[in-house]
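As the structure is a computational prediction, the values presented were derived from the model and not from experiment. Worth knowing before you read on, the calculation uses all heavy atoms, side chains too, and leaves out hydrogens, waters and symmetry mates.
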Amino acid sequence: MANNFKSTEVALSNTNETTIISATSNNQIMIGLNACNTGSTSITLDVDLNDGSTDFKLCKGVSIPPSSKVEILRGKYVLATGYSLKATSSAAGVDIVVGLLVDVS
């Protein structure tokens, strides 16, 4: 099976928890996660990795200044089938971009 690169983009439009990725088949490898505050006030961000039953914090309360970007992940993280990645922000106006290697066998 071929490995393919792709990205997933999500704009957080409220303070509810939002699923960014759900690994439904085949393993995926995250190769980066960036968050940008598109607003005019500081925002805090939580990102959770869920293994199907338990949330694990990748970041909690990371402050993102207005009109700024932060790199949440550096390195590689495997998202096995059934895993998901979720984010919650203190306000609307966060764009999240995740780089992925998909169809990993």
Side-chain angles (χ1 to χ4, degrees):
M1 188 176 299
N3 293 326
N4 300 301
F5 290 96
K6 76 174 219 176
S7 65
T8 296
E9 301 83 16
V10 174
L12 302 181
S13 59
N14 56 49
T15 58
N16 297 332
E17 183 176 73
T18 301
T19 299
I20 301 167
I21 300 169
S22 291
T24 55
S25 62
N26 297 326
N27 291 332
Q28 300 178 20
I29 299 174
M30 286 190 296
I31 54 177
L33 188 155
N34 291 299
C36 178
N37 179 350
T38 60
S40 58
T41 60
S42 289
I43 292 176
T44 59
L45 180 70
D46 295 351
V47 178
D48 296 324
L49 178 66
N50 182 282
D51 67 359
S53 61
T54 305
D55 284 343
F56 299 94
K57 293 284 184 202
L58 294 178
C59 71
K60 180 169 176 61
V62 170
S63 181
I64 307 172
S67 302
S68 297
K69 172 198 81 109
V70 295
E71 184 175 26
I72 303 297
L73 291 178
R74 184 178 293 166
K76 298 166 185 68
Y77 290 81
V78 175
L79 292 172
T81 300
Y83 277 49
S84 62
L85 187 67
K86 301 182 276 186
T88 308
S89 65
S90 61
V94 177
D95 289 345
I96 296 178
V97 178
V98 181
L100 296 166
L101 178 61
V102 297
D103 300 325
V104 177
S105 51

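Residues that satisfy the side chain to side chain contact (heavy atoms under 4.5 Å, CB included) test with Ala80, not counting sequence neighbours, are Asn27, Tyr83. Checked against side chain to side chain contact (heavy atoms under 4.5 Å, CB included), Thr54 has the following partners two or more places apart in sequence or in another chain: Asp51, Phe56. The side chain to side chain donor-acceptor pair (under 3.5 Å) search around Ser40 returns none, not counting sequence neighbours.
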Scan the side chains in residues 8-23 for donor-acceptor partners under 3.5 Å anywhere in the protein, sequence neighbours excluded, and list what turns up.
from	atom 1	to	atom 2	distance (Å)
Glu9	OE2	Ser7	OG	2.4
Asn14	OD1	Asn16	N	2.8
Thr18	OG1	Asn16	O	3.3

Tabulate below the donor-acceptor pairs under 3.5 Å that side-chain atoms of residues 94-102 make, not counting sequence neighbours, or state none.
none

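Residues Leu45 and Ala35 share a closest heavy-atom pair of CD2-CB, 3.6 Å. Between Ala91 and Ser89, the closest heavy-atom pair is O-OG, 2.6 Å.
For the salt bridge (charged side-chain N to carboxylate O under 4.0 Å, His left out) condition, the pairs that include at least one residue of residues 74-84, sequence neighbours left out, are Glu71-Arg74.
Between atom CG of residue Asp46 and atom NZ of residue Lys86 there is a gap of 11.5 Å, rounded to the nearest 0.5 Å.
Asn37 places a side-chain N or O within 3.5 Å of a backbone atom of Ile64 that can act as its donor or acceptor partner.
By the 4.5 Å heavy-atom criterion applied to side chains, Cys36 and Ser68 are not counted as neighbours. Within the 4.5 Å cutoff, side-chain heavy atoms of Phe5 are placed close to those of Ile31.
A side-chain contact (heavy atoms from CB on, under 4.5 Å) with Leu73 is found for exactly one of Leu49, Leu58, Val47, namely Leu58.
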